2 protein chains.
Amino acid sequence: MATLSDVARRAGVSPATASRVINGSSKPVTDELRERVLAAVAELQYVPNAHAQLLARSHRSAVGVIVHDVSDPYFAEITRGLQRVATDQGRLLMICNSYRDPDRELEYVELLRGHQVAALILAGSGYHDEAFTRQLNEKLTAYEATGGRVAVIGRHEHSGDAVMPDNRTGGYLAGRELCALGHRAIGVVAGPRILTTTTDRLAGLRQALAEQGRELPERRIRYAEFDRDGGAEATARLLDADPDLTAIVALNDSMAIGALATLRTRGLAVPQQISVLGFDDMPIARDVTPALTTVRLPLVDMGVRAMSLVLGVGAPTPRVEVLPAELVRRDTAGPVPRSTRATVGSAPRARRGDAAS
Amino acid sequence: MATLSDVARRAGVSPATASRVINGSSKPVTDELRERVLAAVAELQYVPNAHAQLLARSHRSAVGVIVHDVSDPYFAEITRGLQRVATDQGRLLMICNSYRDPDRELEYVELLRGHQVAALILAGSGYHDEAFTRQLNEKLTAYEATGGRVAVIGRHEHSGDAVMPDNRTGGYLAGRELCALGHRAIGVVAGPRILTTTTDRLAGLRQALAEQGRELPERRIRYAEFDRDGGAEATARLLDADPDLTAIVALNDSMAIGALATLRTRGLAVPQQISVLGFDDMPIARDVTPALTTVRLPLVDMGVRAMSLVLGVGAPTPRVEVLPAELVRRDTAGPVPRSTRATVGSAPRARRGDAAS
DNA sequence: TACCGCAGAGAAAGCCCTTTCCCGCAGGGA
DNA sequence: TCCCTGCGGGAAAGGGCTTTCTCTGCGGTA
């Protein structure tokens, strides 16, 4: 691999001059030498060793990002926002997938620190796990102590800059919509209960029901992986236990799509027999049939904000930006079916199989 | 930021010893010193500078990957395969999105070379662009000359290791299926014509039609972006020009989903009035309604193979692995509608609007 | 003519680590 | 007693680059 001194030797100049030409330094170099250096670079196909450069330079430029999985549309959208700002500022992004494994998350913080990133963005749900949270905070604090900037997306027990989707209000909107449509037997297909995202969305849902003097019993909730298959499976379990459900809230769109698949398999018409609500409004939501009624989160914008926070000037007080959730009405949520409405308040009548409620 | 010598000083040992302890060197260190070093590391929250390590060590470990867009399901699946093997081997992946921009692709080759990756994987379609291809090959050759390994996924005019999805046969299978179902008025929603993926799939399609003594005129093809919106738009244009189409082949699943959206908007029933075929079999294909009939490519496996090639021992002759395509019959392709079948061979009768054919 | 200042180039000091080489010492064999 | 061996540790040489500092030679001023 050709090095800078190879280039310098070939051009008949010192490494210092070669470096200046290659990096467009402000120090003037005569045109003749410049030409010679450039020629040598081309001939040798020279590419500077990025690690040596990073070592020699003082300022760090790359930004580290930890997401659960970039190929999950939720994070893909956020990442798009992050990228947009980063590219504008000429920053390189290092993106790591934690696959929702706390240990891996911790490791990646170290790794990125080791790679001398200028800033760190945690773009995943927080965990209800004190030991983990403490460890994470220790590492982040240590990192910040050395001048690193940190921002989190979502609720973490971290006391720095943060952008927070309003999950709770989102859950509330979903609940209110379903109540307005007359649903009473509402099942929830939830993500892992250890995630703050799950619990926040649930809390909002509960609040909406509470306003109607009702509650959401645990038996109407099934926790599963936050993906399509998790949603399909949780929906099946929910239906097995409680065939009289008239609505299902999935705590993200991937799960909602899984739910739709299960309902299709079981021959339940959406929304005529049963309504489905998603969450996030990922791009595919409008393309499933029927198109998914869901709660929109400004995902791209969340990424934009987080990156801006971290690359902007540091504020003395940590900044927390809450981004609003919004209900998007499409075709999967409808009024409660007539047959069921008639039985509201009386003993539930099983539509098929045994009622387990 | 704490450095190794900080640790060494605090532990009262030399940097050499500290390094040995931290890296688990084979050289023995007494337990006492080991303890002291470890304690110092913990107290200082020391993390080795990855760039310094890479500079000091001789062997390069990371692998560079250039894809069009990780968040596109096609590449997400391939990446999953790449990751699997890389993780097994303890390799770090650097993934770059070129967004189908040849210049960016070239830049990323340089960038990754600068980052001293041990190998490079190009996981996107090739381009029909001689100037670009030449430049790319120059860069790759230069890289290989310095000991780097290269593998491409898809057809590139690069003479090294490659894994090739059998796009042509895939196109052929799609065409044959449609012919078997009696379709004659077949429209194609194609990706950018500059991509080899597009032309290969088209070629297969043409071959299938040719076997029936028919051909695929250019006016039945619309080229657009290889994504959902491209598919939607191309389908609209196709339908405007030729309302009598009984089948549409989309050259990837994202476009097929866009096509489905347009057809839904126009009130055309799939597959009763018009059939749709996709390509790739990305995960979402089974979740749209009706479920997408498509040509499956072993995407994950393609990633696995490519990474194995590049991390395995170098073979004297470049290895090319062709991975087979396979038709997956679901619900979007059906027999030609009766009304249309009756008019085959005679002057086409417009079903709605003006026939432009 | 003597001196100053400055432009343009090079020498060399890091940046932080790994690893080879070397040294001192203790134990064992002759 | 002397020498050799082997072990645990440190000194120091890179690895490839940037950047400060230093030097040379030239044109311009007093």
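What you are looking at is a predicted structure, and each value in this text was computed from that prediction instead of being measured. Naming convention: chains lettered A, B, ... in sequence-line order (proteins, then strands); numbering from 1 in each chain.
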- line: To the nearest angstrom, the CZ-P distance between Arg9(A) and dA9(C) comes to 20 Å

- prompt: Rounded to whole angstrom units, what separation is found between the CG atom of Leu4(B) and the P atom of dG15(D)?
  reply: 19 Å

message: For dC16(C) and Tyr46(B) - does any side-chain N or O of the residue sit under 4.0 Å from the phosphate oxygens OP1/OP2?
response: no

query: Across the strands shown, which category fits Leu33(B) at heavy-atom distances under 4.0 angstrom: base, sugar-phosphate, nothing?
result: sugar-phosphate

- prompt: Looking at dG8(C), does its base get a donor-acceptor pair with the side chain of Arg20(A) below 3.5 Å?
  reply: no

- request: Would you state whether a donor and an acceptor, one from the side chain of Arg57(B) and one from the base of dT20(C), lie under 3.5 Å apart?
  value: no

field: Note: Arg36(B)-Glu32(B) ion pair, threshold 4.0 Å (strictly below)
entry: yes

- line: When rounded to whole Å, the CZ to P distance for the pair Arg60(A) and dT18(D) reads 14 Å

query: Are any side-chain N or O atoms of Ser5(B) and backbone N or O atoms of Ala8(B), one a donor and one an acceptor, separated by less than 3.5 Å?
result: no

query: Which of these nucleotides, dC17(C), dT18(D), dG10(C), is closest to any side-chain atom of Pro48(B)?
result: dC17(C)

- request: Compare side-chain N and O positions of Gln53(B) against OP1 and OP2 of dC17(C) and report whether any pair is under 4.0 Å apart.
  value: no

field: 5' priority, DNA chain D, between Ala52(B) and Gly12(B) [closest heavy atom]
entry: Gly12(B)

query: Do Asn23(B) and Ser19(B) have side-chain N/O donor and acceptor atoms under 3.5 Å apart?
result: yes

- prompt: Could you give the CE-to-P distance, from Met1(B) to dG14(C), as a whole number of Å?
  reply: 22 Å

statement: Nearest-nucleotide check on DNA chain D, Ala56(A) vs Ala18(B); residue mapping nearer the 5' end is Ala18(B)

query: With side chains defined as the heavy atoms from C-beta onward, is the minimum distance between Tyr143(B) and Leu112(B) less than 4.5 Å?
result: no

message: The side chain of Ala16(A) is closest to which nucleotide in this list: dA9(C), dA12(C), dG8(C)?
response: dA12(C)

task: May I ask you to test the Val67(A)-Asn97(A) pair for a side-chain heavy-atom distance under 4.5 Å?
output: yes

message: Do Asp161(A) and Val310(A) have side chains that approach each other closer than 4.5 Å (heavy atoms only, starting at C-beta)?
response: no

query: Charged N to carboxylate O below 4.0 Å: is that the case for Arg10(B) and Asp6(B)?
result: no

Under 3.5 Å: donor-acceptor pair, side chain of Arg305(B), backbone of Gly81(B): no

Rounded distance in Å - CD (Gln116(A)) to P (dC16(C)): 8 Å

- request: Mind calculating the distance between NZ (Lys27(A)) and P (dT20(D)) to the nearest angstrom?
  value: 9 Å

- line: Separation of dA7(C) atom P from Asp31(A) atom CG, nearest Å, is 16 Å

Helical bend (five base pairs per end, nearest 10°) for the helix from dT1(C)-dA30(D) to dA30(C)-dT1(D): 70°

task: Tell me which nucleotide among dT18(D), dT18(C), dG10(C) gets nearest to the side chain of Asn23(A).
output: dT18(D)

query: Considering only side-chain heavy atoms of Leu55(A), which listed nucleotide, dG10(C), dG16(D), dG8(C), is closest?
result: dG16(D)

query: Does Thr30(B) put a side-chain nitrogen or oxygen below 4.0 Å from OP1 or OP2 of dG8(D)?
result: no

message: Looking at dC15(C), I'd like to know if its phosphate oxygens (OP1 or OP2) sit under 4.0 Å from a side-chain N or O belonging to Asn49(B).
response: no

message: Side-chain N or O of Thr3(A) versus OP1/OP2 of dG16(D): is the shortest distance under 4.0 Å?
response: no

statement: Here the distance between atom P of dC17(D) and atom CG of Leu54(B), to the nearest Å, is 14 Å

message: dG10(D), OP1 or OP2 - any side-chain N/O from Thr17(B) closer than 4.0 Å?
response: yes

